[in-house]
Amino acid sequence: MLTFTALALASTALLCGTTTEAKSIPRRNLPWNSNPLKAKTALLSRNTIPESFINATRGDPSTVALHIDTSDLSARNDTAPYLYGLMHEDINHSGDGGIYGELLTNRAFQGSNVVYGTLPEFSGSLIVGSENPIVPWDPVITGWGAIGDGVRLTLDKLHPLSDALTTALQVDIPLNATGEVGIQNFGWWGIDVRPQQYNASFYALQNYPRNPNDTATTFTLSLRSNLTGEVFASTQIPDTHLPYINYTQYSAHLYPNVTAPDSNNTFAITMDGAANAGKTFYFDLVSLFGETFKNRPNGLRKDIAEAFYEMKPTFLRCPGGNNLEGVSPQTRWDWKKTIGPLINRPGRPGDWSYENTLGLGLMEYLEWCEDMEIEPVLAVYSGFSLDVYGQSGPSYPPDQMQEIVDDALNELEFCMGDTSTYWGSLRAQYGHPEPFNIKFVEIGNEDWFSTTYPYRWAAMYNGLKAVYPNITYISTAYNENTLYNISIPAGEMWDTHHYEEPSYFLENFDFYDNWQEATNNTGVGVLLGEYSAIQIDTYSGVVNYSFPADVHIFYPSLVSAIAEGTYALGAERNPNTVKMSSYAPSLQNQNWFNWTPDMITFDANWNHTVRSVSYWQQWLFAHYRGTQTLPVTNTQGDFNPLFWVASIDVPKNQIYLKVINTLNASVPLSVDITTTCSGVNGTMITADSLDAHNTIENPNAVTPKSFTLDANQSGNGTFSWDVPKWSITVLQFDL
Ligand code: AHR
């Protein structure tokens with residue numbers, strides 16, 4: 001049975017998931033890229049080959065000999081403790097319909113999708129389509145369907161649930177109703193049903209003239225197949241006298257004892273037609289949660305959160321990304337509207353063409369960090385918004401910046417203030433009396449888009465630093481805008497983003513070597529806040545953000561992981577500069593997305609959550625961090641095609657040698673360590689093709705495999721091994 005609403009939902013997905021163009025953000029290579037200091041790796045001329053390859057790979061399979069020195073303690077550096085974190089913003093339905101555990105779509109009728117594009121008569125980007133045909137961003141019934149003949153569903157504005165949730169679903173039961181009547185929600189392109197507890201809740205009201213005698217209603221809540229009608233679980237809320245004036249919230253648990261064969265399932269609220277004929281009901285904030293990560297109420301979808309957690313991340317950068325900034329200053333991600341009871345959260349038009357419920361709000365982000373034992377990197381609004389389709393929008397003028405500074409100070413008080421403060425006591429009231437600890441605050445996002453960051457950064461930095469001197473502040477611009485440089489004080493950081501071709505990452509392996517000294521940024525750290533290989537190598541090397549199919553990388557593949565991993569090695573060997581890094585974007589709902597490639601893909605079905613090759617590269621490097629870097633001398637050969645870095649985990653008494661072979665041939669490697677080892681083993685990611693990637697059908701096509709080395713190893717720490725072609729390996733030497 002494919003109802004009208006299901007069709008509407010499907011066509012919306014088609015409209016917005018697969019035909020929406022990517023935003024057109026102008027990109028330039030950073031000026032620093034032209035600095036001769038970086039030109040240590042071989043730069044080969046680019047050819048266009050319509051398949052994955054890494055042009056910057058040097059075709060030299062001759063032996064590389066490395067000497068790892070464990071004796072000179074003064075030559076070691078502490079490794080950066082915050083490499084391999086997470087970046088999350090609501091893009092690709094990664095939040096609503098993604099990691100946010102709410103299983104129902106459009107639960108409170110907060111808004112709809114829009115489509116951006118261009119029109120010949122106008123300049124720049126425009127909203128060229130909207131799901132609500134009259135008012136872009138206004139509510140729709142998408143995701144809902146009526147059950148029972150003649151049952152009428154409309155949106156109602158006369159019975160708002162709250163000041164924030166002003167639209168309800170009106171359900172009219174016809175006078176001649178018989179059998180089962182009610183409503184159903186199709187979930188986020190389906191609902192995963194398996195044996196676990198589901199927590200359902202909804203607010204409801206009845207219409208007085210259509211039931212003046214207040215006859216009781218029994219609601220049946222069920223999870224059922226949208227294909228066969230099979231009911232997997234149901235429960236009743238019996239003999240209910242619904243209010244006429246103030247909504248009542250009803251809740252119940254559902255326990256399916258089977259796993260549904262697929263995720264084409266619905267959640268239904270039904271009642272007996274004859275007993276309720278002629279009545280009208282209003283529903284709002286209809287919600288269904290399965291088990292959540294660490295059982296948090298209003299928490300995270302468990303399977304996706306566990307994939308993140310198992311990566312061993314160190315931080316979470318949130319809530320954006322562009323999604324922090326808003327498509328207008330008025331619709332920015334305003335933290336104040338994301339806290340407290342859900343009925344007080346109005347939602348907002350997100351920067352990525354769909355409405356955000358704001359159910360995943362500031363507290364939920366902080367609790368996410370708490371539950372994963374990681375640090376929040378809290379991005380605060382800095383007085384600049386994008387316009388539609390990623391266009392540079394307006395900035396707060398200098399004389400209004402105090403408003404923005406104060407807002408960020410209030411946000412920090414909400415996070416960190418004790419319960420004697422206004423905002424701290426509100427946090428306590430909302431369930432978290434213990435202050436969170438914020439060590440990192442990012443001021444805006446990619447503010448080099450605007451010409452106004454110099455005064456906005458200064459106002460924000462000075463205003464926040466004066467009150468919170470121990471926080472590390474992260475500038476989102478340094479020298480990207482040709483009109484200015486941001487002078488970042490020592491001890492603070494610069495967030496730089498790289499969506500590039502594979503060869504870019506090899507060519508810039510040494511980008512961070514001597515970066516502080518060469519650029520007069522002594523003491524300034526780097527957050528590599530977003531990076532991924534986004535298209536295969538091309539003649540021009542210029543990234544095309546319209547994602548042309550012939551060069552775009554849709555799913556992270558081996559070529560991505562090799563390139564990103566090589567860049568990560570460059571970061572690892574510069575721990576005094578590169579303090580933090582995170583792949584982006586991190587999540588993609590396969591049914592609705594506007595940006596690829598992404599680290600993890602998923603749909604409603606938990607069995608369809610796919611960890612990409614790039615995920616596994618992050619996972620591998622995060623699992624073998626080491627506590628100190630070790631000096632490595634190449635006594636034979638040089639970087640490219642092999643790239644490497646060594647570290648030692650002092651408490652574990654283990655040495656890690658990370659080696660990437662970017663060549664389509666094995667490369668002999670010999671290693672000698674100034675100490676004896678009791679054993680060597682390894683973990684490797686490799687495949688026969690650079691295009692190899694994981695899919696729903698074959699989610700484990702490319703994963704890390706551990707192996708024991710059958711190598712020529714002597715007691716004095718000498719070791720030799722052929723590094724397989726196109727491989728990412730961590731060798732572990734037990735001391
Ligand atoms: O990751 C997608 C987008 O890329 C982010 O929102 C933005 O920061 C960058 O331009």
Side-chain angles (χ1 to χ4, degrees), residues 20-30 85-96 98-99 116 125 316-327 331-333 348-354 356 360 365 377-382 384-393 442-450 453 474-478 480-481 493-500 504 526-535 542-547 552-554 556 560 564 580-589 592-601 612 614-615 618:
T20 304
E21 288 174 64
K23 69 175 186 161
S24 59
I25 298 175
R27 303 270 166 176
R28 287 168 289 109
N29 282 339
L30 305 179
L86 300 172
M87 152 64 177
H88 188 271
E89 66 173 325
D90 212 326
I91 179 174
N92 299 323
H93 274 291
S94 58
D96 288 317
I99 196 168
Y116 299 129
S125 300
L316 171 67
R317 174 173 169 246
C318 59
N322 295 157
N323 206 41
L324 167 73
E325 303 172 87
V327 284
T331 60
R332 69 184 172 97
W333 198 90
R348 65 180 277 267
D351 285 71
W352 293 104
S353 298
Y354 57 91
N356 296 173
L360 181 55
Y365 274 123
V377 173
L378 182 64
V380 298
Y381 182 67
S382 66
F384 168 72
S385 294
L386 297 169
D387 207 285
V388 297
Y389 206 16
Q391 297 177 113
S392 177
E442 175 149 12
I443 295 176
N445 176 66
E446 292 187 346
D447 280 77
W448 49 269
F449 261 75
S450 83
Y453 199 51
I474 302 169
S475 168
T476 72
Y478 155 52
E480 300 92 331
N481 193 309
M493 293 174 69
W494 170 46
D495 179 8
T496 178
H497 297 173
H498 290 279
Y499 297 103
E500 314 283 0
Y504 174 93
V526 166
L527 159 63
L528 186 49
E530 298 179 26
Y531 71 104
S532 51
I534 197 164
Q535 68 182 31
V542 174
V543 168
N544 186 337
Y545 283 91
S546 64
F547 296 175
H552 186 67
I553 295 177
F554 287 95
S560 323
E564 294 149 10
M580 312 179 110
S581 63
S582 45
Y583 182 102
S586 54
L587 292 176
Q588 174 193 354
N589 188 318
W592 201 110
F593 53 86
N594 28 24
W595 186 294
T596 57
D598 305 279
M599 195 166 72
I600 296 172
T601 59
S612 71
S614 291
Y615 168 91
Q618 300 274 327

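Just follow the structure's listing: the first ligand is 1, and inside any ligand the first atom is 1. All values below were derived from every heavy atom in this structure, side-chain atoms included, with hydrogens, water molecules and symmetry-related copies excluded.
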Original post:
How about H498 and Y504: are their ring centroids closer than 6.0 Å?
Top reply: yes

Original post:
At under 4.0 Å between heavy atoms, which part of M87 makes contact with ligand 1: side chain, backbone, both or neither?
Top reply: neither

Original post:
Any nitrogen or oxygen of E446, main chain or side chain, under 3.5 Å from a nitrogen or oxygen of ligand 1?
Top reply: yes

Subject >> Aromatic ring proximity, centroids under 6.0 angstrom, Y381 and W333 >> reply: no

Original post:
Quick one: are the ring centres of W595 and Y499 less than 6.0 Å apart?
Top reply: yes

Original post:
For ligand 1, which atoms, with element, lie under 4.0 Å from some heavy atom of G321?
Top reply: 6 (O), 8 (O)

Original post:
Does a salt bridge link R317 with E530, judged by any charged N lying under 4.0 Å from a carboxylate O?
Top reply: yes

Subject >> Sub-4.0 Å atoms of ligand 1 with respect to non-hydrogen atoms of E89 >> reply: 1 (O), 2 (C), 3 (C), 5 (C), 6 (O)

**OP:** Taking the six-membered ring for Trp and the single ring otherwise, decide whether the centroids of Y531 and H497 are under 6.0 Å apart.
**Re:** no

**OP:** May I ask whether G320 has any heavy atom positioned less than 4.0 angstrom from an atom of ligand 1?
**Re:** no

Original post:
Side chains of D96 and N356: donor-acceptor distance under 3.5 Å anywhere?
Top reply: no

Subject >> Numbered atoms and elements of ligand 1 in range of N445, under 4.0 angstrom, heavy atoms >> reply: 7 (C), 8 (O)

Original post:
When you look for heavy atoms under 4.0 Å from ligand 1, do you find them on the side chain of W352, its backbone, both, or neither?
Top reply: side chain

